[in-house]
Number of protein chains: 2
Amino acid sequence: MCQLLGMNCNTPTDIVFSFEGFRRRGGLTDNHADGFGIGFFEGKGVRLFHDDRPSAGSPVADLVKAYQIKSENVIAHIRKATQGQTSLANTHPFMREMWGEYWLFAHNGHLKNFHPETGGFYRPVGNTDSERAFCYILEQLRQRFSERPDTDTLFDAVTALTDEIRSYGLFNFMMSNGEYLFAHASTLLYYIVRKAPFGEAHLLDDDVTVDFAAVTTPNDKVAVIATLPLTGNETWSQLAVNELILFQDGDIIRSDTPENPVYMSVEEGLDIARAAGVSV
Amino acid sequence: MCQLLGMNCNTPTDIVFSFEGFRRRGGLTDNHADGFGIGFFEGKGVRLFHDDRPSAGSPVADLVKAYQIKSENVIAHIRKATQGQTSLANTHPFMREMWGEYWLFAHNGHLKNFHPETGGFYRPVGNTDSERAFCYILEQLRQRFSERPDTDTLFDAVTALTDEIRSYGLFNFMMSNGEYLFAHASTLLYYIVRKAPFGEAHLLDDDVTVDFAAVTTPNDKVAVIATLPLTGNETWSQLAVNELILFQDGDIIRSDTPENPVYMSVEEGLDIARAAGVSV
């Protein structure tokens, strides 16, 4: 199974702390060693780094660390190839322009027999189920809306499309236009919203502690979303199975939660991934 | 005026030698200090690096040097901001997907009052004349062809669109889908096709010499295209004013050359840029 990392904030924030723990899962503390990708929104622009080398030893990942890029929206992905060859064209996050905005998308899971019709507006370049799902979402949204609709209309449309696509299999994903960040869980996805009063956090994958109080202002709100919690001394919330959450400015502004929410255990999540032929 | 650099080859080739001379123009040997961008095709995928710091001192440019990415098609751009704010969204090369392929585009020049209708398929994200021109080209191609047409049909269509857009002003550009590389000059653009027997080349902007015979095979063909020649001991060919050339596998496969070609002097090219309000 691949791993996802996302961040959505109300002020440009350095993701290095979270990324450092996350990237170590790419070949060091875990086995997601088929490349990685990370996209940072800066205003309307996107800084996108893809690498087909394992993130733990990647010079591109070293650059991300050294550069300390500040961003309000980030999506990152470590890949364990299960669908499609390992190639740059298959490396998440994927990017397209819609309504005059860039959109980023990263997925972990496996969609069985998901081959929607070739889109009029958006077509995959590589051969992953993930890029097909992204193009399908954009295609349907763009066919329905020639301009970006209001938040509620957009959320409802993405909810319906997510509901449709997840019938094909495992569909943990994140998607952002630099303002919104959508996060959906089929199995495992956790989040934490850090805000004042800020405390200390300690990485699970590395012996690193950060005191957020020293690097934030009292108004900062930073939501971090990840396949598995990245810190050991904070309380992460879990997305329910089939839950879709929309973040904006570090807050949850909409969610579609099943009536009787089920929270999957890590063991069960990994078992389901294995059974679906998704490497873990 | 911004500067352009492109490469089109029949085998994956390291662009570090050319890029090292080129990037020094971003703040060291010349004054193109408002950021830079470089896109490398690797198969159907693209590795895209954008930076709003001057290329001469940019850690992203250092990475490009250290990483020695091999590519068959590269487009790079050093920016001196004249149109639109300096922001990541305005940094070339721009990228879009068309016909299931990524396309890269970089421009130097200035298009006056070029505000085509908002596209159905492609819209600018930033606010440069350059991105508007790119989106207009793609929009027109995509409206006309739902799949990629044959080479001659595509070349003729791009020729007609180029002819239309250059009536708005200075339009030096390069555009590639990882297989084709289009290069068009309004003022200054030079190219060289390196093939066997390979010799030595010496950079104009740095005291560096490379012996291409030592790093190539006899079948290699490498076309390098740049606003101004990068080496002092080789013969670069100049594109005529309003000439469009299509490169594939390091060869020129089509060109649209004016009946009475005019070759602009460097002084005149820089004068015209200044007169058009394009910084040099």
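Just so it is clear: chains get the letters A, B, ... in the order the sequence lines come, proteins before strands, and each one is counted from 1.
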I'd like to verify something: which residue of B/Ala89, B/Gly126, B/Gly100 has the highest number of heavy-atom pairs under 4.5 Å with chain A? B/Gly100
With a 6.0 Å cut-off on ring centres, are A/Phe182 and A/His184 close enough? no
Using a 4.5 angstrom heavy-atom cutoff, name the option from B/Phe121, B/Phe41, B/Tyr102 with the most pairs to chain A. B/Tyr102
If you take the centroid of each ring, where Trp contributes its six-membered ring, are B/Phe36 and B/Phe22 closer together than 6.0 Å? no
Is it the backbone or the side chain of B/Arg96 that comes under 4.5 Å from a heavy atom of chain A, or both, or neither? side chain
Electrostatic pair A/Glu147:B/Arg123 at N-O distance under 4.0 angstrom: yes
Output the option from B/Gly119, B/Gly43, B/Gly120, B/Cys135 having the highest count of non-hydrogen pairs under 4.5 Å with chain A. B/Gly120
So what's closer than 4.5 Å to chain A heavy atoms on B/Phe49: side chain, backbone, both or neither? side chain
Engaged part of B/Glu42 at the chain A interface, taking heavy atoms whose separation is under 4.5 Å: both
Establish, yes or no, whether a centroid distance under 6.0 Å links the rings of B/Phe173 and B/Phe105. yes
Look at the side chain of B/His77 and the backbone N and O of B/His107, then say whether any donor-acceptor pair between them is shorter than 3.5 Å. yes
So, A/Arg148 and A/Glu179, do they make that salt bridge, N to O below 4.0 Å? yes
When only pairs under 4.5 Å are counted, which of A/Met98, A/Met95, A/Glu101, A/Arg142 shares the most heavy-atom pairs with chain B? A/Arg142
